[in-house]
**Q** 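Structure provided below as structure tokens; questions to follow.
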2 protein chains.
Amino acid sequence: MSDPLRLGIAGLGTVGAGVVKIVRRKAELIAARAGRPVTISAVSARTRDKDRGVPLDAYDWEDDPVALARRDDVDVLVELMGGADGSAKAATEAALAAGKDVVTANKAMLALHGPDLAQAAESRGRVLRFEAAVAGGIPVVKALTEGLAGNEIDRVLGVMNGTCNYILTRMESAGLEYETVFDEANQLGFLEADPTLDVGGIDAGHKLALLASIAYGVRVPFDQVELEGIGRISIDDIRRARDLGFRIKLLGVAQMTGRGLEARMSPCLVRADTPLGQLEGPTNMCVLEGDASGQIVLRGAGAGEGPTASAVMSDVIDVARGTRLSTFGVPAAALGEVRLARSATPAPYYLRMELMDRPGALAKIATVLGEAGISIDRMRQYRHEADTAPVLIVTHACARDALDTALAAMPATGVVATEPVALRIESV
Amino acid sequence: MSDPLRLGIAGLGTVGAGVVKIVRRKAELIAARAGRPVTISAVSARTRDKDRGVPLDAYDWEDDPVALARRDDVDVLVELMGGADGSAKAATEAALAAGKDVVTANKAMLALHGPDLAQAAESRGRVLRFEAAVAGGIPVVKALTEGLAGNEIDRVLGVMNGTCNYILTRMESAGLEYETVFDEANQLGFLEADPTLDVGGIDAGHKLALLASIAYGVRVPFDQVELEGIGRISIDDIRRARDLGFRIKLLGVAQMTGRGLEARMSPCLVRADTPLGQLEGPTNMCVLEGDASGQIVLRGAGAGEGPTASAVMSDVIDVARGTRLSTFGVPAAALGEVRLARSATPAPYYLRMELMDRPGALAKIATVLGEAGISIDRMRQYRHEADTAPVLIVTHACARDALDTALAAMPATGVVATEPVALRIESV
């Protein structure tokens, strides 16, 4: 048996502790599978005196993750601190500069600095791997980078924020409004310290950007990714979508079009009888559409100690086995530049608005849509509440630009009481 | 860019032609991802003069696949002929003996001779890879061998014969009997030349045995795998299962128990609201349950030119990238021996039987079950047809041994008109 692969683990939160547990408890199994032992040399975290449910005295302690990254007895830095910049990035850069491999679960760092860090790794013959950064325990980075390597990727879709899917499905099953379920989720500890990372679609957007980079071999400028959160979805939207045979999901979609890369994370309607439509609770789902493979659906836990640690160990064992892969499936230096095209592919849209109870109001809205070249598939006016009436419109497939033109023209009609909610109907 | 990886393709049926198309049409993409070009040196098939939808004149032709396997300008034999023995095995052995890597889609060969062939490969530092042998385009071998490498595997389940799932879901949706849909499927060309490979569960059983080998690091004696086909499932079973909230699937299950490895491919009831229960048509689904990852579900096309060729290319590109993995995740020489334990884990069962229309008939059956220690959850007698009455029983969880005892005792009651149908209810 070869020399052990020696880890330095930076960050001992839930995931870090989970990785330590697996390395300790499954030493024999891992050695058999990896062809060599995997050991831990040293660990690092902000606070030393804290019970993490696993003994740590066998490992050296480093207060400074950068010092950990540079240790001679560390072959692989396992970066589990989080945060796009700061210590995580400093430690990653230090490890790569010192000729070590890096395994990370850090989606924000990768989405913002991934190609540069990957290039730093690859220029030194090192690897930077990030299975745990996307969709927790689901081996989707591996499926896309390796499993579908012979495919042109037609489209990548995903429900990749479990908290948002929990909120949306809980609203439906309990008949509760968004605010109520948001508070519940917060009390259950489901939300990030900054909840907009979850409900604003940012966290899921990071994951989507990473998958898009792999799928299309490009640098994805994260600041151009379309992000829209779930905060404006009401229980009425969920019920009306259901009546139409759809469910509302915070859905990420990446797709190369003639106008550039479409990459968006936004609430969409998907058919209720599809795997995405049937996805309940905090579970994640990624859908990979290859030109040869057809549609591959992957489903599993998107977060939590075990699933995320499982993904970290997948990368660690790959490194131990000697597998050397480019971070994004092609060398980082060869990643293309790409223009992002906002919702370039046409689709039908679901529109909900409150109209003034005034003669000709519906006609004015229909006119605005018609002038933008948008035809209406279905339109329904519901019973008035106070002096406004809820109106639901499903359009035929149209360009997002056309829809934006129509939405911009609506205030001038004088009949729209609130800003309309517009949700894309994604065909899956 | 490094030297090209040169393929010799043995077998030019649907999948072989699909692989040639991908290598030709995506040369640039593959070279970018693999870090080197992938080319074809020579091909081999039974018949030379046949239009396969792709030009082959650029490649040398070999009548004999063994000669192809030994060519100096072939780095990897891509074995797509099929058949457990004969030419496929001879060519594989010749390639390995000549120091070449082998990529194959041959489930029968792998299930019967996999460990020996893998050992032949590994003793020479070569790899033998078989992603395409299991569940077509779904990268399940990769997910299990690599993605879940840090997990003890609790259970592996799968619907891995698309034809059987097509037949069962078509029976339900069209309300047709098995024989009718079987004939339909045959006319559509969905069935193997020997249909018992499909409907007898043998083909799916091969796939299950391979996944079990990886999951538990053992040689699986294929002749001891429990196999039961779908030929005795009636439309009534499907309807009654549905009324109980279940659907009937040809389900493979592998699970390590205190009594040995449980490995079976048999029609089971699964809850209708689970991903397996919701699986329609010829699609495949694999469910991997790891102790850390939790349940990972993979869904996709289990057969066809594109999906299977995509899986072949995944292995080819791995080889081109320099990834060297043991065939079954641990060295073949280290695969353990294992005893197979027939349905060792207890489960509830669905029983359907025709009872003579005679006083005390039901009581006699209930007594037989009770004497075997099996308690009844639900029992329903349906309206008589002629002089027998259909009876449906759902048991509480019981050992299969106990059930077999009860089933063996039933003829002696003199009230059972036909052999009972007994289907396990698998909790997923």
Side-chain angles (χ1 to χ4, degrees), chain A residues 18-19 21-23 26 29-30 32-35 131 136-140 142-143 145-152 217 273 275 278 285 288 290-301 304-314 316-318 321-326 329-331 334, chain B residues 18-19 21-23 26 29-30 32-35 131 136-140 142-143 145-152 217 273 275 278 285 288 290-301 304-314 316-318 321-326 329-331 334:
Chain A
V19 170
K21 283 179 206 168
I22 293 180
V23 171
K26 297 186 199 162
L29 181 73
I30 292 168
R33 289 181 179 161
E131 183 64 79
I138 304 175
V140 61
K142 184 169 279 290
T145 318
E146 304 168 50
L148 268 60
N151 288 262
E152 307 250 13
D273 62 353
Q278 290 160 341
M285 183 173 283
L288 310 176
D291 65 343
S293 66
Q295 189 182 73
I296 305 287
V297 179
L298 304 115
R299 179 187 193 275
E305 174 183 318
T308 313
S310 167
V312 169
M313 289 310 299
S314 166
V316 166
I317 293 172
D318 268 7
R321 282 170 163 161
T323 301
R324 315 297 297 175
L325 285 170
S326 302
V330 296
Chain B
V19 170
K21 283 180 204 165
I22 293 179
V23 171
K26 298 187 198 159
L29 182 73
I30 291 168
R33 290 181 178 161
E131 184 64 79
I138 305 175
V140 62
K142 186 169 277 293
T145 317
E146 303 168 50
L148 268 60
N151 288 261
E152 306 248 14
D273 62 352
Q278 289 160 340
M285 182 173 284
L288 311 176
D291 65 342
S293 66
Q295 190 182 72
I296 305 287
V297 179
L298 305 115
R299 181 187 192 276
E305 175 183 319
T308 313
S310 166
V312 169
M313 290 310 298
S314 166
V316 165
I317 293 172
D318 268 6
R321 281 170 162 162
T323 301
R324 314 298 295 175
L325 285 171
S326 302
V330 296

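Note that these values count all heavy atoms, side chains included, but never hydrogens, waters or copies made by symmetry. Please read all numbers here as calculations on a predicted model, not as lab measurements.
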**Q** At a heavy-atom separation under 4.5 Å, does A:Leu325 approach chain B through its side chain, its backbone, both, or neither?
**A**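 Side chain only.
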**Q** I'd like to verify something: which residue of B:Gly329, B:Gly294, B:Gly18 has the highest number of heavy-atom pairs under 4.5 Å with chain A?
**A**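 Answer, by heavy-atom pair count under 4.5 Å with chain A: B:Gly329.
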**Q** Using non-hydrogen atoms only, which part of B:Ala334 is less than 4.5 Å away from chain A: side chain, backbone, both, or neither?
**A**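 Neither; nothing under 4.5 Å.
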**Q** Pick from A:Met285, A:Arg324, A:Lys26, A:Met313: which one has the most heavy-atom pairs with chain B under 4.5 Å?
**A**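 The candidate making the most pairs under 4.5 Å is A:Lys26.
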**Q** Please identify, among A:Ala149, A:Gly137, A:Ala34, the residue contributing the most non-hydrogen atom pairs under 4.5 Å to chain B.
**A**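 With the most close heavy-atom pairs to chain B, the winner is A:Ala149.
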**Q** Report the option among B:Ser293, B:Gly300, B:Pro331 that has the most heavy-atom pairs separated by less than 4.5 Å from atoms of chain A.
**A**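 Max contact count across the listed options: B:Ser293.
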**Q** Tell me which of these, A:Thr323, A:Leu298, A:Asn151, has more heavy-atom pairs under 4.5 Å with chain B than the rest.
**A**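 Most heavy-atom pairs within the cutoff with chain B belong to A:Asn151.
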**Q** With chain A, which of B:Val330, B:Ile296, B:Val312 has the greatest number of heavy-atom pairs at distances under 4.5 Å?
**A**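 That would be B:Ile296.
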**Q** Between the main-chain N or O of B:Gln295 and the side-chain N or O of A:Arg299, is there a donor-acceptor pair closer than 3.5 Å?
**A**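 No; zero donor-acceptor contacts below 3.5 Å.
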**Q** Please look at B:Asp318 and chain A and tell me whether the side chain, the backbone, both or neither of the residue comes under 4.5 angstrom of a heavy atom of that chain.
**A**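 B:Asp318 touches chain A through side-chain heavy atoms alone.
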**Q** Answer with side chain, backbone, both or neither: which region of B:Asp291 has an atom nearer than 4.5 Å to a non-hydrogen atom of chain A?
**A**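 For B:Asp291, the side chain is the part near chain A, not the backbone.
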**Q** Let's test your reading of the structure: which of A:Ala292, A:Gly150, A:Gly136, A:Pro139 forms the most heavy-atom pairs below 4.5 Å with chain B?
**A**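 Top option by heavy-atom pairs under 4.5 Å: A:Ala292.
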**Q** With only heavy atoms counted, which part of B:Thr308 is less than 4.5 Å from chain A, the side chain, the backbone, both or neither?
**A**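 For B:Thr308, neither part sits under 4.5 Å from chain A.
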**Q** Using a cut-off of under 4.5 Å for heavy-atom pairs, which of A:Leu29, A:Asp273, A:Ile30 has the most such pairs with chain B?
**A**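 The answer is A:Leu29.
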**Q** Using only atom types and a distance under 3.5 Å, with no angle test, would you say the side chain of B:Lys142 pairs donor to acceptor with the backbone of A:Lys142?
**A**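 It does not hold such a pair.
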**Q** Please look at A:Gln278 and chain B and tell me whether the side chain, the backbone, both or neither of the residue comes under 4.5 angstrom of a heavy atom of that chain.
**A**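 The answer is the side chain of A:Gln278.
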**Q** Report which part of A:Glu152 has an atom under 4.5 Å of a heavy atom belonging to chain B: side chain, backbone, both, or neither.
**A**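 Backbone plus side chain of A:Glu152, per the 4.5 Å heavy-atom cut-off to chain B.
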**Q** Heavy-atom distances under 4.5 Å only: say whether A:Pro307 touches chain B with side chain, backbone, both or neither.
**A**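 For A:Pro307, backbone and side chain are both near chain B.
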**Q** Non-hydrogen atoms of chain A under 4.5 Å away: do they reach the side chain of B:Ile22, the backbone, both or neither?
**A**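 The answer is the side chain of B:Ile22.
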**Q** Side chain from CB out, backbone as N, CA, C, O: work out which of these in B:Ile317 comes under 4.5 Å of a heavy atom of chain A, or both, or neither.
**A**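 For B:Ile317, the side chain is the part near chain A, not the backbone.
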